[in-house]
Amino acid sequence: MKAAGDRGLLHRDHPWLGRSVEDTRTQRRGMLRAIAPDGDKPTPVAWLLPVGGGMEWTTAPENLARPERITPASLPRTRS
């Protein structure tokens, strides 16, 4: 049984998951999809997806900055 907050597959919780953030290394913005290992490397990385679509990229979690503000429009939508 998983503990509370355990995301599985070595994924880590992060308060900005699902929000647009800046990667200060590249100055690009993307949706933070996961904090998880990249292949067999043990150190977790941040997985980002460009907001308009495109190729996902990784960066060190410490490179994340300036998350989008939480507003009613930015909250996850639920299906009816």
Side-chain angles (χ1 to χ4, degrees):
M1 184 168 178
K2 291 183 180 183
D6 184 0
R7 300 184 62 79
L9 298 174
L10 301 177
H11 285 226
R12 305 236 175 125
D13 279 327
H14 193 283
W16 298 345
L17 284 173
R19 293 169 65 189
S20 172
V21 298
E22 182 180 335
D23 172 2
T24 60
R25 183 178 56 87
T26 63
Q27 274 69 57
R28 295 173 61 195
R29 287 195 74 79
M31 182 73 62
L32 178 59
R33 308 257 304 169
I35 303 286
D38 183 5
D40 60 356
K41 299 173 190 164
T43 304
V45 295
W47 293 81
L48 298 162
L49 184 66
V51 176
M55 182 72 76
E56 189 172 44
W57 80 95
T58 62
T59 192
E62 56 268 17
N63 292 338
L64 301 177
R66 293 178 276 293
E68 72 177 324
R69 292 183 51 205
I70 295 176
T71 66
S74 69
L75 292 175
R77 291 173 177 74
T78 57
R79 293 184 180 185
S80 306

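Reckoned from all heavy atoms, side chains included, excluding hydrogens, waters and symmetry mates.
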Student: Just so I know, are the side chains of Thr24 and Glu62 near enough to count as touching, which here means a heavy-atom distance under 4.5 Å?
Tutor: no

Student: Quick one: do Met31 and Trp47 end up in the same hydrophobic cluster if we chain Ile, Leu, Val, Met, Phe, Trp and Tyr together by side-chain heavy atoms under 4.5 Å apart?
Tutor: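 No, Met31 does not connect to Trp47 through the hydrophobic network.
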
Student: Quick one: pull up CD in Glu22 and OG1 in Thr59 and give me the separation to the nearest 0.5 Å.
Tutor: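 Glu22 CD to Thr59 OG1: 10.5 Å, rounded to 0.5 Å.
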
Student: Under 4.5 Å between side-chain heavy atoms, hopping through other hydrophobics if needed: is there a path connecting Ile35 to Trp57?
Tutor: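 Yes; Trp57 is reachable from Ile35 via cluster members.
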
Student: Counting distance only, does the side-chain N/O of Arg19 pair as donor-acceptor with the main-chain N or O of Glu68 below 3.5 Å?
Tutor: yes

Student: Looking only at heavy atoms, which two atoms of Ala46 and Leu32 are closest? And how far apart?
Tutor: CB-CD1, 3.9 Å

Student: Closer than 3.5 angstrom, by distance alone: can the side chain of Arg29 be matched with the main-chain N or O of Ser20 as a donor-acceptor pair?
Tutor: yes

Student: Mind listing the closest non-hydrogen atom pair of Arg25 and Thr58 along with its distance?
Tutor: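 Between these two residues, the closest heavy atoms are NH2-O, 3.1 Å.
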
Student: Taking the side chain as C-beta and beyond, is there a heavy-atom pair between Leu64 and Leu48 under 4.5 Å?
Tutor: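 Counting from C-beta outward, Leu64 and Leu48 do come under 4.5 Å.
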
Student: Using every non-hydrogen atom in the two residues, find where Pro44 and Pro61 come nearest and quote the distance to one decimal.
Tutor: O-CD, 3.6 Å

